[in-house]
Amino acid sequence: MNGIPILSLITFLPVIGMILILFMPSKMAREIKITSLIITFLQIILAAILLSNFNYSAGGIYEASSFQFVEKFQWIKITGLSWIGTVKVDYFLGADGISLPMLLLTALVSFIAVISSWSINKSVKGFFALFLLLDTGMMGVFVALDFFLFYVFWELMLLPMYFLIGIWGGPRKEYAAIKFFIYTLFGSVFMLLVMIALYFSASETLADGTTVFTFNLLTLMDPTNYTTNGILSPLNPNNYRLAAYIALFVGFAIKIPMFPFHTWLPDAHVEAPTPISVILAGVLLKMGTYGILRISFPIFPEITKDLSYYIALFGVINIIYGALVALAQKDFKKLIAYSSVSHMGYVLLGMASMSTTGITGAIFQMFNHGTITAMLFLIVGVIYDRAHTRDINSFGGLANKMPVYTFFVTIAFFAAIGLPSLSGFISEALVFVGAFGVEEIRVLTMIGTLGILLGAAYMLWTLQRIFFGEFNKKWDDVLTDITFREYAMFIPLTIIIVFLGIYPSAMLDIMNASVNSLVEFLAKNAQGFTLSGM
Amino acid sequence: MSEFTNINLSLIVLLLPLFGFFIVLFFGKKFPKLYLAEVGIITLAFILSLVIGYSKLSTYLHQDILFSFTWIDFGNVPNLGNLHVDLGIKIDNLTVIMLFVVNLISMLVHIYSIAYMKDDSRYSRYFAYLGIFTFSMLGIVLTDNLLMMYIFWELVGLSSYLLIGFWYEKQSASDAGKKAFLTNRVGDIGMFIGILVLFTNYKSFSFDFIYAQIASGNLPFGSEAWLTAAGILVFLGAVGKSAQFPLHVWLPDAMEGPTPVSALIHAATMVAAGVYLVARIFVMLTADAMLVIAVVGAVTSLFAATIALTQNDIKKVLAYSTVSQLGYMVMALGVGAYTFAFFHLVTHAFFKACLFLGSGSVIHSMHHEQDIREMGGLKKKMPITYYTFLISTLAISGIPLTSGFLSKDGILAGTLAFGQLTGHWLIPIIGFSVAFLTAFYMFRLVILTFHGSPRNHHKYEHAHESPFVMVMPLVVLSTLSIFFWYTPNPISPDASWFTSNWITTPQTVVPKSASFDFMINESVESSSHNSHEEIIHSEKYTHAMHWAHYPAMIMSLIVAGLGILLAFTMYQWKKISPDKIADSVKALYKGSLNKWYVDEIYAKSFIGGTIKLGDILSWFDKWIIDGIVNGSAYVTKVFSKISGLFDAYVVDGLVNGTALFSGFVGFNFKKLQTGKVQTYIVLVVFSIIVLFFIIGPF
Amino acid sequence: MFENLLTDISLILPEVIVSVTLLLLVLVDLIFNKDKSIIPFVGLIGLFFALYFAINGLNINSTAFVVSAANNDYGLLTIDSFGSYFKVIILITSILIILFAKNSLEIKNVSERSGEFYTLIFGMILGMMFMISASDLIMIYLSVELLSLSSYVLAGFTKLRDRDTEASLKYLVYGAASSGIMLFGISIIYGLTGNTNLFIINDVFKSTSINVLAYTFSIILIFTGIGFKISAVPFHFWTPDVYEGAPISVTAFLSVASKAAGFALLIRFFKTTFLLKEVSGSWILLEGFDWQSFLIIISILTMTLGNFAALWQDNVKRMLAYSSIAHAGYMLLGIAVLSDQGLLAVMIYFLVYLLMNIGAFYIVMVISNQINSENLNDYNKLGYASPFLGVSLTVFLISLTGLPPTAGFISKLYIFISLIDANMIFVAVIAVLNSVVSLYYYIRILKHMFINESENEVPQLKVAANEIVFILILLVPTLVLGIYFSPLVDFAQNCLAILVN
Amino acid sequence: MEVGLNHFLTVSVALFSLGLYGVVTRKNAVMVLMGVELILNSANINFIAFSKFGNFSIDGQLYALFVIILAAAEAAIALAIVLNIYKRFANVNVDEINNLKE
Amino acid sequence: MELYDIIFYLFAAITIISAVIVVNARNIVHAAFSLLLTFFGVSGIYVLLGADFLAVVQIMVYVGGILILLLFGVMLTNKITNVEIRSGSFQVLPAIVGLAAFAAILFGVMTSTNWKSQSFEIANTTSFELGKLLISEYVLVFELLGILLLVALIGAASIARRDKE
């Protein structure tokens, strides 16, 4: 659009906010909070602008021309000596139908998270500074189209997250924080290696006719750019593509988190303060699946095809396993955490289908899970702020005590269960539709549908244990119905959940073109590259 | 009236209750009288549905009114072409009749509830829930495609969950709600997979489109087996909703909800939705599928009937009789008696609603006493309730001049014909025995409740006839159980308006090879598919029906009479002592009294199993996976421990070089750092030697 | 014979200036024996001059001090841009270290001997600079000794605590032994080739066949000496003890400068001596000694041991000592690639390593000046006592871990790039896993500073303005180079030239 | 038999080994230093022997000279440090000075 | 040339035996004096190798300088008769084993190698040659050594001198 680097704005706005905050005296806690609120709100405005200027028919994915809001200029260019070649990194941002929903989600969830972190009183300055830094990291991941840039943003989130969990977390915060950090880093270092390997496998020709290695994702997607002997080049008979794919996938899978790499999640969630849980579940988990869609799929289409069965398998394992484990939890927050393990399984399943409906469902599920789980964690936060316990069995009969709260809870829970007319249903249904359409994973899909039942089981059971039955007099004076601030968090989410449940096209149309072109691209290259490529 | 107006009207009818739901839910607190608005809205909806029904049956008798729009558009999907998901409305005779039934009963229940729920703390919320229920139910009725069917299917489940658990302070109530929802989900999964099968093949959810495809020989995954499977899978949804065996367990518990709700949802409408669904997919059912359905229905009806014999909770008895009757309808569909099944659906809706509301009024007057052993002799106290209840009982027992007689008779004839055509005689036998049992336990109920002398005088004293708003619906419904609404001829169902021209068995689209031969009419070439041909049964079938007509009627009369007779001898005249019989067949009695222990079995097997599995897995997750994944830390520690000991006892005694070694192996480099510089030098010397032998030319 | 002496001297101006400054310091120390505060400034001026000339000499490539007996034109010293690059690193480090020492309490306490202190520091600097450009084994040996002798003393310079005295003794014994071993190795080479000049040795190796046993053995013996300087496993044992014992400013100096000198020496030594030919940036070495696998073994041992041993440390200085061992491991990998690309990676690494390591040590010093402890448990909650220190230390440690957007990431990135380009994937995997391990102990410091609860009340930290400036001088480049690293790489790329046959 | 290079080398090897042995095993720091001196001497013998028997010009002797000078300097420093140690620990037993470890 | 051999064996014997005493003597003073003998032996070997000047330097520097230093060290730091001479760093056995192996390798390497030798006539008088080299080609080293000695001096002084409290 007209020259304004809107993606850069939306990405680096938080950093500006952070700097502002760093220069504020830490006594001005209130002002700091307001500042970050404004910043995140501006982000939402920017996101809205993006949405309003978005061209629904542009595909994106693999062709640079159809990306939107593109910002591309040379960031690093080192004309090296003959044998090193020119090192070139682009500052390359762009949005398409896959990234835009994530951008909207990030803006929204960050805003909500800021509201919910109003109750933070311990070294406020640090909290919001780190929070905004984290925000930048998340936005960056979703707009970066250069692998190097992507990686930088990806790693940028780790440290703030570590501190946010570690300092403002619960009793076992140190353990949880370091676990999160080590896990994610473990994943991302492999990503780094794959990134470098890719760098040496493909080259692009610059305007001045020189061919250089590149981190540009779009270039890496185009089979014609690969050198004949690059270690990840499909043209190289003995290449490491499979190994690289798996390494990359593990890197992303840890973030998702995919069984068996999920064990950091419950700890992180249980210890993290509410706003951070919201961010974690709302946005961070999406990065894993987003990365797979944005990088693994288009760059390694043929291997994706070969491994799609296993991706689906793990997806189904996630669904069932997460649900069953959730069923056994006594801790409200842990239960929600495992529920999101289960829900991310749907995303994996949907992607594995490599079909329009499936992938659309997957992305939509990413968005919905973002909103729904965010709401669920906020719900936990509300009750935890008041009662300072999350033990499900210590509650009961809250429905009479906190009717409004109960109302929102019911909506969130049923959305999570996948009740039609709430957004969760559409995405899950699409996932199943897509996955069922694929011969190989049909049986898996049928097994996966059990998730619907189990999900309902643990959700309703929780609902009953906490809100129905006799009220526990112990909480009589602490448990009051929700405040204005909590309204402000719940209402937007509720509206979105319901709206997208009734009119999903509002979101689906955004993805449509991109998903179709992605599917087309996969189908075209899934048989393995040829020199002609197309 | 143009089709367009009809569509708009139907949309209005559909959305009115939703509107009611919202206003009552959000403003109910402020304006406590708002529930009246809800009642008004439903009444309006009822009137509108009458209008639609009239115009449809008068103007468009043999033509469906269709309307659909694109909900989700996937654009041009690679190697598939345009893909979009449509929602829509289909108004055919089935629909309009259901509209009438649902709205009528809903309205009556609303009115009834005004008095019944009077002193409840969440009065207005209750009406809101009724509103959302009515909305979802109408959705099911109006839809023209499977997806929307599924959506409203779930919404109905939700509202039923809310209403069953309406008194959620009661543990039993919230349990029942949960149970209902989950049990339904089980069925729904089947239905969902069925839908997936169909969509995967036809890229559409619309009934008509799918049937057209099948008719044109395009079978799911190209095999009749898959067609059967699809039919049965979708039917599973009905199994859940209509409480068919083995998913019937939720319905009796659902009686925890307020009685009017039981009348509306768990007797008249929602549970009938299952039957409605089967009727919708009737044309794509293969022979095998139909047989399965028939058997399931038969089993259910018998099974439930046997339980109903011994229950002492007035609502439980009615609940099981409902299950049994639903089984009847499903069985009827299974045997191809399409029209009678639907006919029975309607009649049953009225009299069963009447029965429930009647029981409600009894319970109301007895201060929420539900045990019939505490009752008796209420005839004098509350005559209107008694007579309406009696009429309905006669209807359900299938006594002539009642609607029940007509529909039941038709079904029994259908089963007989089926038996005669296919040799599955067991089904008619079950049919008749169930008829017998029904008559018996229903009259047992009536007698124990209303006849004889009061067994609990204290309660009896306070008992009183219910207020007008409660009695009125009873009267309306009971009158609807009389024959003349349906047919001029009280003994022949064939003459009824339903069977003669409104509802006719649709032409099956299943390929000949896969369907019962009697389902195909040779005269009509199966390609042209229109569900409103003239009777499209084969000659054989019509003959069979004619043959079966009179025997069925007579036998049904006999068994019903016997049942009633037995009931009177046992409970009215006390000629035979029930206890004696109970003792003589103790095992059976216990079994029946405890619902054949189905709940217990489930609790032990599925539910218990799942929860246990969950516990095991969470342990596994906590200790094994987590252990493995961040095991490296432990491993390091362990190693360092080991090599620590190693150093302490071995190394110092032996060569320090081994410390180097164990150090590298055990990651415990501390041990190397002894702080003694001479040790270091020795280590260096050793390393030199080692390196020399590694790198050196050997 | 003398005619080219002047040109030779003009080639080694930085060294000359450093030595002159050294003598000057001695005099100044004698003259102003009341107030010694000007001594460091004298040193600084000298160093800045030296730096100026070093930068001027960046693109000179020639040999100096030709030994005619070798009847050819190879000299004791080789001046090339590679050497000058490392000289620049050494000089910058030295400047920083002098500023460092000025603020260090340990050194202030012995201010009356600060004359000796700086003289010895300059002794070290001189030793390092000759190490870098020495192309004759004897020259190498002598310069190493010059460096060692000065650092033995400096390790135990402040005779305040037992631990630094002990450190100096250990350093001495260990160093004497390993330099003796090295000397013996040199003598063997001399026996084999009849010369000590690397170029001639290279010629001999190329031309005549050598007894491979003696050849291998002598190389290992010599490497013992070099390994001792770069503290590569298994020649590292002195490192933790000495680093912990020595005054922190000296530790910092050892961990950066003398390591750099050692690496320069190593690279020049084996590239000049064993290079057969150079094909498009990758070095083909002579048969007989498998440098690549040798270096890979050493480096993997080095980084693994360094990281895993660091996990257990509770003394921050000691932990950093192990971490510096680990870093030596990464850099050795860069060399093991045996290509200019690996060399480039190492050179970049050193420039970055200089920034982040000195930064970390400096902050540790500032803290220990005030709480008088380097124990991790005394660090609890210090991050709040002085957010500035906390944040900067965070940045330095993150950079040491090698996470973006810090310069540390770039340096690691280039190491991995060179590895993967050379298809050494397995090694690369080990390396990345190592950096994951390293995160654990770096983050431990942060954990103590920000997360752990401290049982006794948190001491107040006052950070002086000049300290803030010093930290910023290191902090800003660490961040900027992380985001925009072209200048760094360009600079390094222009200094790749090593003078060989 | 004719005394040749190997004889001298043998002597130097012997000296070297003994020196190393002394460095490693003696308790007294001064003795350790003596060991170091032995090592240096052995190297010197090598240099001179090689330059003699290989006819390498006189440089070898020069190197030996350098080494001797260097040895002197080293000895000076070493003794200073030992004295310092003695001041602190009241003994010079290398093996007992091991506070810095692990 | 029989005599040459005899003298060699003599000096070699002196050197090695006294060296053995150095590393094993119980009395530290004995060790010191046997070290003196060792140096003599070595210088003798130098003479045999035609390095007369070096022999002299050896005597002067080592015996006159280093040894005296060492003796001073002994005096200043030790009670003359201390019995415990073995370091407790570890058992002697492993040290001996390791060092023996090392020595064996060393010996093998040194003796089995065919050392380089070229035709080049060595000057009979070394002192002049050495002096010339020292101020011409190796002037740099010469200067460097000067600085090194200076640094060593300063270092030694600054460490050893007892600072005023």
Side-chain angles (χ1 to χ4, degrees), chain D residues 3 5-11 13-18 20-22 24-28 30-31 33-35 37-38 41 44-45 48-50 52-59 61-62 64-66 68-77 79-84 86-87 92 94-96, chain E residues 4-5 8 12 15-16 19-20 22-23 28 31 35 42 45-46 49-51 54 57-58 61 65-66 69-70 72-74 76-78 84-89 92 95 99 102-103 106-107 110-111 115-120 122-123 126 129-130 133 138 141 145 148-149 152 155-156 159-160:
Chain D
V3 169
L5 176 58
N6 282 352
H7 294 72
F8 291 95
L9 294 184
T10 315
V11 175
V13 168
L15 272 187
F16 184 85
S17 316
L18 287 168
L20 206 52
Y21 177 74
V24 169
T25 54
R26 297 315 295 258
K27 185 187 193 68
N28 184 314
V30 182
M31 309 285 248
L33 295 176
M34 295 182 183
E37 300 302 340
L38 289 183
N41 271 286
N44 278 353
I45 294 177
I48 297 172
F50 283 134
K52 169 88 170 14
F53 288 89
N55 298 334
F56 295 152
S57 88
I58 200 163
D59 297 7
Q61 297 192 14
L62 201 56
L65 184 57
F66 296 150
I68 292 172
I69 298 165
L70 202 134
E74 196 167 66
I77 298 246
L79 262 300
I81 289 174
V82 169
L83 288 180
N84 198 19
Y86 186 70
K87 267 194 238 134
V92 290
V94 181
D95 56 333
E96 292 161 11
Chain E
Y4 186 89
D5 297 4
F8 167 76
T15 316
I16 292 174
V20 170
V22 170
V23 291
I28 189 164
L35 185 62
V42 172
I45 289 175
Y46 287 172
L49 289 167
L54 273 211
V57 175
Q58 170 86 359
V61 176
I66 298 175
L69 264 174
L70 291 176
F72 266 110
V74 172
L76 287 173
T77 58
N78 259 51
E84 178 50 56
I85 61 152
R86 284 277 163 254
S87 157
S89 297
V92 185
L99 293 175
F102 190 77
L106 204 54
F107 184 77
M110 299 301 279
T111 49
W115 301 98
K116 186 172 191 287
S117 69
Q118 62 196 31
S119 60
F120 177 101
I122 190 164
T126 60
E129 285 295 329
L130 288 177
L133 284 175
Y138 288 95
V141 181
L145 283 171
L148 188 146
L149 285 171
I159 276 224

Show your working on side-chain contact (heavy atoms from CB on, under 4.5 Å) between E/Val42 and D/Leu15 and close with a plain yes or no. CA-CA 10 Å; E/Val42 172; D/Leu15 272 187; 3.9 Å; yes

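Ranked by non-hydrogen atom pairs under 4.5 Å with chain E, the options D/Leu83, D/Leu65, D/Val11 are led by D/Leu65. Counting heavy-atom pairs closer than 4.5 Å to chain D, the top residue among E/Leu54, E/Val61, E/Leu149 is E/Leu54.
For a residue to count as touching a neighbouring chain, one of its non-hydrogen atoms must lie under 4.5 Å from one of that chain's; by this rule E/Val141 touches chain D with the side chain only. Both the backbone and the side chain of E/Leu69 come within less than 4.5 Å of a heavy atom of chain D. Of the atoms belonging to D/Ala14, it is side-chain heavy atoms, and not backbone ones, that fall under 4.5 Å from chain E. Only the side chain of D/Leu5 comes within less than 4.5 Å of a heavy atom in chain E; its backbone stays farther off. Heavy-atom distances place both the backbone and the side chain of D/Leu18 under 4.5 Å from chain E. For D/Phe50, the part lying near chain E is the side chain, with the backbone staying farther off; criterion is any non-hydrogen pair under 4.5 Å. Heavy atoms of E/Phe107 lying under 4.5 Å from chain D belong to its backbone as well as its side chain. At a 4.5 Å heavy-atom cutoff, the contact between D/Leu62 and chain E is made by backbone and side-chain atoms alike. Contacts of D/Leu9 with chain E are made by side-chain atoms alone, with heavy-atom separations under 4.5 Å and no backbone atom involved. For D/Ile81, the parts lying near chain E are the backbone and the side chain together; criterion is any non-hydrogen pair under 4.5 Å. Looking at E/Leu70, both its backbone and its side chain come within 4.5 Å of chain D, counting heavy atoms on both sides. With a 4.5 angstrom heavy-atom cutoff, E/Ile16 touches chain D via backbone and side-chain atoms both.
The minimum heavy-atom distance linking D/Ala73 with E/Leu148 is given by the pair CB-CD2, 3.5 Å. Here the shortest heavy-atom pairing between D/Ala75 and E/Ile66 reads CB-CG2, 4.0 Å. Of all the heavy atoms in D/Asp59 and E/Leu133, the pair that sits closest is OD1-CD1, 3.7 Å. Contact record, E/Ala160 with D/Lys87: O-NZ, 3.2 Å, taken as the closest heavy-atom pair. Between E/Gly50 and D/Gln61, the closest heavy-atom pair is O-NE2, 3.6 Å. Between D/Ser17 and E/Ala103, the shortest heavy-atom distance links the atoms OG-CB, 3.3 Å.
Taking CG from E/Leu49 and CZ from D/Phe8, the interatomic distance works out to 4.0 Å, rounded to the nearest 0.5 Å.
Side-chain contact check for E/Gln58 and D/Asn41: at least one donor-acceptor pair (N or O, by modelled atom type) lies under 3.5 Å.
In summary, of the residues considered (D/Met34, D/Arg26, D/Glu37), a side chain to side chain contact (heavy atoms under 4.5 Å, CB included) with E/Val22 occurs for D/Met34 alone.
Below 30°, between 30° and 60°, or above 60°: for E/Phe8 and D/His7 the angle between ring planes is above 60°, a perpendicular geometry.
Side chains of E/Leu35 and D/Leu38 form a contact here, defined as non-hydrogen atoms less than 4.5 Å apart. Within the 4.5 Å cutoff, no side-chain heavy atoms of E/Phe102 are placed close to those of D/Tyr21. Two residues are said to be in side-chain contact when any heavy atoms from C-beta on lie closer than 4.5 Å; E/Met110 and D/Asn6 fail this criterion.
Looking at D/Lys52, its side chain never comes within 3.5 Å of a backbone N or O of E/Tyr46 through a donor-acceptor pair.
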